[in-house]
There are 2 protein chains.
Amino acid sequence: MKSLIKSDTKGRKKVLEPCLEPCPIERGMRLLGAKWKASILWHLKDQPVRFNDLARMIGGASKKMVDQRLKELEAQKMVKRTVLSERPIAVVYQATDFGKSALSVLEPLLKWTEKHHL
Amino acid sequence: MKSLIKSDTKGRKKVLEPCLEPCPIERGMRLLGAKWKASILWHLKDQPVRFNDLARMIGGASKKMVDQRLKELEAQKMVKRTVLSERPIAVVYQATDFGKSALSVLEPLLKWTEKHHL
DNA sequence: CTGTTTAGTAACCTAAAGTAAACTTATGAA
DNA sequence: TTCATAAGTTTACTTTAGGTTACTAAACAG
């Protein structure tokens, strides 16, 4: 993570180990940082929740957003989708163990935000 | 943070305490989650860094981006800008104490990302 | 005289992100 | 019969985020 700057004999500067492509922090942010994503995951951490209930909980987000983020979370194996019944279709979403592991980031984030009144 | 669903006598559902406007997690993410923002802050956590050096370190980001994020971070009091000299203008940026407090989020994020090979 | 450095600005543009509202198919209730 | 529910999908936009390239002005190097 240390990026060193060196000048050559002609005074031209260059960086050793530039953070050229997204470093872990950047990548992590891009995994969790999408709009509403962390909130959604947070709501699924304790109990399975049904789609419409979830959409209602995340009041500010449209169903399309919720749907999109759920699909991403599912693809990342952070959330599991379970069909309870066809016909009157019923579906629940819940955080996987891996999804819950992200709480090691979200919990400090929550604490930090509250502590500083942000 | 608990959003309860209740059905009334007629079976209509509604949510008590909907997460209507961005909850702390969401707000925190929006403060730290912009592209390159966390990376930039990370690079300023130990030593003051000059603008162009920083731009070189964050290889993937354009100067405009770096500049924009620095201004946001400055406005949020997470980074301090210091002019070392006019004429051949020289400027350094460094994380403030508040900026460093965000490491309580970024460090777990880094660990999480690396642990899971993301 | 040309090229480099400093710390940005400005203009322009595109791709992606997000929003709102309507629609679907089937079920159950008043 | 009309309304509400379920879990989305579709359409039709608007917004904004981000990228690219070129430019500034003053100073120094070869």
Side-chain angles (χ1 to χ4, degrees), chain A residues 5-15 20-22 26 29-30 33-40 44 48-74 79-94, chain B residues 5-15 20-22 26 29-40 44 48-74 79-94:
Chain A
I5 309 284
K6 258 208 174 164
S7 303
D8 66 12
T9 47
K10 317 219 162 163
R12 283 185 205 92
K13 290 191 174 181
K14 62 167 163 180
V15 192
L20 231 183
E21 275 331 299
E26 197 58 38
M29 270 301 180
R30 295 187 193 174
K35 210 168 176 183
W36 305 113
K37 204 168 188 179
S39 303
I40 288 175
L44 303 181
V49 181
R50 300 182 58 163
F51 179 82
N52 277 335
D53 289 347
L54 184 60
R56 271 188 288 265
M57 288 168 180
I58 316 291
S62 63
K63 286 166 85 176
K64 182 186 159 195
M65 255 300 93
V66 173
D67 177 63
Q68 198 174 114
R69 290 289 112 88
L70 280 172
K71 280 184 177 142
E72 291 168 17
L73 286 164
E74 212 193 333
V79 157
K80 188 166 169 270
R81 178 182 186 270
T82 312
V83 177
L84 296 182
S85 71
E86 315 273 349
R87 219 33 22 104
I89 182 156
V91 175
V92 284
Y93 291 89
Q94 56 200 309
Chain B
I5 309 284
K6 257 209 176 165
S7 303
D8 67 11
T9 48
K10 316 219 165 176
R12 281 184 205 90
K13 289 191 177 182
K14 64 167 162 182
V15 192
L20 230 183
E21 274 331 301
E26 197 58 39
M29 270 301 182
R30 294 188 193 175
L31 283 166
L32 298 175
K35 210 170 177 182
W36 306 113
K37 203 167 190 179
S39 304
I40 288 175
L44 303 180
V49 181
R50 299 183 57 165
F51 178 83
N52 276 336
D53 289 347
L54 183 60
R56 272 188 287 266
M57 288 168 180
I58 316 291
S62 65
K63 286 166 85 176
K64 180 192 159 192
M65 255 299 94
V66 173
D67 177 63
Q68 199 175 114
R69 290 289 111 90
L70 280 172
K71 281 186 176 140
E72 292 168 14
L73 286 164
E74 213 193 334
V79 156
K80 188 167 170 270
R81 176 181 185 271
T82 311
V83 177
L84 295 182
S85 71
E86 316 273 348
R87 219 35 19 105
I89 184 158
V91 175
V92 284
Y93 291 89
Q94 55 200 308

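Because the structure is predicted, anything quoted here is derived from the model rather than measured. Chain letters run A, B, ... following the sequence lines, proteins first, then strands; residues in each count from 1.
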Strictly below 4.0 Å: does [X] bring a side-chain N or O up to OP1 or OP2 of [N]?
X: Arg81(A); N: dG8(D); result: yes
X: Arg56(B); N: dT6(C); result: yes
X: Arg50(B); N: dA7(C); result: yes

Quickly work out the [X] [atom1] to [N] [atom2] distance and round it to whole Å.
X: Leu84(B); N: dG8(C); atom1: CG; atom2: P; answer: 11 Å
X: Lys63(A); N: dT11(D); atom1: NZ; atom2: P; answer: 17 Å
X: Trp36(B); N: dG18(D); atom1: CH2; atom2: C1'; answer: 11 Å
X: Lys37(A); N: dA16(C); atom1: NZ; atom2: P; answer: 16 Å
X: Ile58(B); N: dG8(C); atom1: CD1; atom2: P; answer: 15 Å
X: Met65(B); N: dT16(D); atom1: CE; atom2: P; answer: 15 Å
X: Tyr93(B); N: dT6(C); atom1: OH; atom2: P; answer: 13 Å
X: Glu26(B); N: dA17(C); atom1: CD; atom2: C1'; answer: 14 Å

Is it the case that dG18(C) (base atoms only) and Lys35(A) (side chain only) share a donor and an acceptor within less than 3.5 Å, ignoring hydrogens and angles? no
Between the base of dT19(C) and the side chain of Lys64(A), is there a donor-acceptor distance below 3.5 Å? yes
Would you please name every residue forming a side chain to side chain contact (heavy atoms under 4.5 Å, CB included) with Lys63(B), sequence neighbours left out? Phe51(B), Asn52(B), Ala55(B)
Sequence neighbours left out, what passes side chain to side chain contact (heavy atoms under 4.5 Å, CB included) with Lys71(A)? Give chain and number order. Asp67(A)
Interatomic spacing from [atom1] in [X] to [atom2] in [Y] - rounded to 0.5 Å:
X: Tyr93(B); Y: Lys80(B); atom1: OH; atom2: NZ; answer: 12.0 Å
X: Gln68(B); Y: Glu72(B); atom1: CD; atom2: CD; answer: 5.5 Å
X: Leu73(A); Y: Leu44(A); atom1: CG; atom2: CG; answer: 7.5 Å
X: Leu70(B); Y: Lys37(B); atom1: CG; atom2: NZ; answer: 10.5 Å

Pair Asp53(A) + Arg50(A), salt bridge at N-O below 4.0 Å: no
Among dA7(D), dT20(D), dA7(C), which nucleotide has an atom closest to any side-chain atom of Ser62(B)?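 Per side-chain heavy atoms of Ser62(B), the pick is dT20(D).
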Contact list please: residues 67-74 of chain B against DNA chain D, heavy atoms, distance less than 4.0 Å, in numerical order.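 Close to the strand are Arg69(B).
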Donor-acceptor pair, distance only, cut-off 3.5 Å: does the side chain of Arg69(A) make one with the backbone of Lys35(A)? yes
I'd like to check the side chain to side chain donor-acceptor pair (under 3.5 Å) partners of Glu74(A); sequence neighbours left out, ordered by chain and number.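 With neighbours one apart ignored, the set is empty.
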Could you list the residues that satisfy side chain to side chain donor-acceptor pair (under 3.5 Å) with Gln94(B), not counting sequence neighbours? none
With axes from five pairs an end, tell me the bend angle of the helix from dA7(C)-dT24(D) to dA30(C)-dT1(D), nearest 10°.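 So the angle between the two local helix axes works out to 30°.
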Take Ile89(A) and Ala34(B), find for each the nucleotide of DNA chain D with the closest heavy atom, and name the residue whose nucleotide sits nearer the 5' end. Ile89(A)
